[in-house]
Amino acid sequence: MSDAPRHILVIGMGAGDPDHLTLAAVKAMRRADVFFVLGKGREKDALTRLRWDILDEHLTGPYRVVEAEDPWRDRTQQDGGRYASAVHDWRHRRADICERLIVEELAPGRCGAFLVWGDPSLYDSTLAILEDIRGRGTVEFGYEVIPGISSVSALAARHRVTLNRVGRPVHITPGRRLAQGFPEDCDLVVMLDGHESFTHLTGRGWWIHWGAYVGTPDEILVSGPLDEVAGRISRLRAEARERHGWIMDTYLLRRGPDGADDTGAADGKDAADGANGTGGASRTGGAGDADRTNP
């Protein structure tokens, strides 16, 4: 057993709804001997708690969770070069932590797992970090990726719209890049927009389908002409951030009369639009690594 390689599963969990977990993800979870979780501070304890709830629901036998604190990241740098440097620095320090977890907490021949929100291939650092660790040559392991339902797919489903229209491309971008320009002949999916870049696009005929905490009990959805709803979205974002200490949102922008789809789909006026309560699981605990065994 000591000569057998370690194996890592990178499991997409979906956007937040436990029912988004795929059958492949459940089967993968049942193969894992230990789950690695990087906590993001007490204000996001609900996300960690949700991981545990998912494990409790789908695993029938004992399991082990090892937690570590996610390293601090400098989010003040938004210019291209400095932003990339800050991200690379954060990923390197994150790789240091994950490397230690794999070496110290996963025995040779055993299987470990990272549970990733959404889909591991879309705006998530886990795959790049594992490649960084493999490149260091300090620990040998293989890994496989189990796809999940992304926040983008969940957003489209909740608003009952397609991401693409007939013959038109879809452009996915982080919000900070909108100011640098974008193709005018496509629909835009915007993620990681901490600065409400959509507020700079009013007066140009855009229709927006916006969602925060999509798939969770705290889900908020707004759909309509951007000129009419931008202020409301900004207010809802501020209130949600104050309430939770953080916000996770995504939106789709497209042109056309009332955002009409070339396929004749609904124009969004009847899409779900509301703000749920402030509920959600939370957990408090000390810093550092912690093992948890389900009795």
Side-chain angles (χ1 to χ4, degrees), residues 12-21 40 44 46-47 50 75 78 87 115-126 147-165 168-180 182-183 186-202 206-226 229-241 243-255 259 261 265-266 268 271-276 280:
M13 295 191 302
D17 186 340
D19 289 342
H20 286 173
L21 209 65
K40 294 182 178 292
K44 294 187 179 180
L47 295 179
L50 183 54
R75 298 182 182 275
Q78 294 298 316
V87 171
L115 300 178
V116 176
W117 292 114
D119 184 272
S121 69
L122 184 62
Y123 286 106
D124 183 82
S125 65
T126 306
I149 295 176
S150 70
S151 62
V152 176
S153 296
L155 176 79
R158 293 296 290 127
H159 280 291
R160 297 180 296 174
V161 297
T162 58
L163 289 176
N164 69 292
R165 292 184 286 178
R168 293 175 64 89
V170 177
H171 183 70
I172 303 177
T173 180
R176 66 181 183 84
R177 301 203 56 150
L178 285 181
Q180 302 174 24
F182 48 83
C186 67
D187 298 331
L188 299 173
V189 174
V190 183
M191 307 178 69
L192 309 172
D193 186 9
H195 299 280
E196 300 185 0
S197 301
F198 59 85
T199 59
H200 302 295
L201 298 177
T202 56
W206 290 105
W207 182 282
I208 188 170
H209 299 286
W210 174 85
Y213 314 106
V214 176
T216 76
D218 301 306
E219 179 180 274
I220 313 170
L221 300 172
V222 176
S223 179
L226 181 60
V229 301
R232 181 182 175 208
I233 293 173
S234 294
R235 175 176 55 82
L236 289 171
R237 288 186 88 259
E239 293 172 352
R241 185 183 291 278
R243 188 162 58 242
H244 301 292
W246 60 280
I247 189 166
M248 181 167 54
D249 61 342
T250 306
Y251 55 90
L252 168 67
L253 288 170
R254 62 176 31 143
R255 297 185 190 276
D261 191 314
D273 184 353
N276 289 335

Inset, instruction - Give the C-alpha distance, both sets of side-chain angles, the deciding distance and a yes or no for side-chain contact (heavy atoms from CB on, under 4.5 Å) between Y123 and L192. - result: CA-CA 9 Å; Y123 286 106; L192 309 172; 3.7 Å; yes
Legend entry - Worked verdict on L178 versus H200 for side-chain contact (heavy atoms from CB on, under 4.5 Å): CA-CA 9 Å; L178 285 181; H200 302 295; over 6 Å; no
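- Between V229 and G224, the shortest heavy-atom contact is CG2-O, 4.0 Å.
- At least one side-chain heavy atom of L201 sits under 4.5 Å from a side-chain heavy atom of F182.
- Taking 4.5 Å as the limit, some side-chain heavy atom of T250 sits within range of a side-chain heavy atom of V189.
- Between W206 and L188 there is a side-chain heavy-atom pair separated by less than 4.5 Å.
- Annotation: the span from Q180 atom CD to S197 atom OG amounts to 10.0 Å, rounded to 0.5 Å.
- The nearest pair of heavy atoms linking L21 to G12 is CD1-O, 4.2 Å.
- Looking at heavy atoms from C-beta onward, W117 lies in side-chain contact with L50 at the 4.5 angstrom threshold.
- Within the 4.5 Å cutoff, side-chain heavy atoms of S234 are placed close to those of T199.
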Inset, instruction - Could you walk me through whether Y213 and W246 pass ring pair (Phe, Tyr, Trp, His ring centres under 6.0 Å), step by step? - result: CA-CA 10 Å; Y213 314 106; W246 60 280; 5.2 Å; yes
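- In this structure, T216 contributes its side chain and G16 its backbone to no donor-acceptor pair below 3.5 Å.
- Residues L122 and S150 approach most closely at CD2-CB, 4.0 Å, considering heavy atoms.
- The environment of R237 atom CZ is dense: over 12 non-hydrogen atoms of other residues, nucleotides or ligands sit within 6.0 angstrom.
- For the side-chain hydrogen bond (donor to acceptor under 3.5 Å, both in side chains) test, no residue two or more places apart in sequence or in another chain qualifies with T202.
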Inset, instruction - Apply side-chain contact (heavy atoms from CB on, under 4.5 Å) to the pair I233 and Y251, showing each step before the final yes or no. - result: CA-CA 11 Å; I233 293 173; Y251 55 90; over 6 Å; no
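- Between the side chain of H20 and the main chain of M13, no donor-acceptor pair closer than 3.5 Å is present.
- Residues L155 and G211 approach most closely at CD1-N, 3.4 Å, considering heavy atoms.
- Across every non-hydrogen atom of S151 and A15, the tightest pair is CA-CB, 3.8 Å.
- E239 contributes atom CD, which lies 10.5 Å from atom NE2 of H244 (distance to the nearest 0.5 angstrom).
- Taken from CG in L253 to CZ in F198, the straight-line distance is 9.0 Å, to the nearest 0.5 Å.
- In this structure, R255 fails the cation-pi test against W207, since its NZ or CZ atom is not both closer than 6.0 Å to the six-membered ring centre and inside 45 degrees of the ring normal.
- Taking 4.5 Å as the limit, every side-chain heavy atom of R243 sits out of range of all side-chain heavy atoms of D218.
- Of all non-hydrogen atoms in G148 and D119, the two that sit nearest each other are N-OD2, 2.9 Å.
- W210 pairs in a side-chain contact (heavy atoms from CB on, under 4.5 Å) with only one of the listed residues (L226, I220, V190), which is I220.
- In this structure, the salt bridge (Lys or Arg N to Asp or Glu O under 4.0 Å) partners of D187, at least two apart in sequence or on a different chain, are R165, R168, R254.
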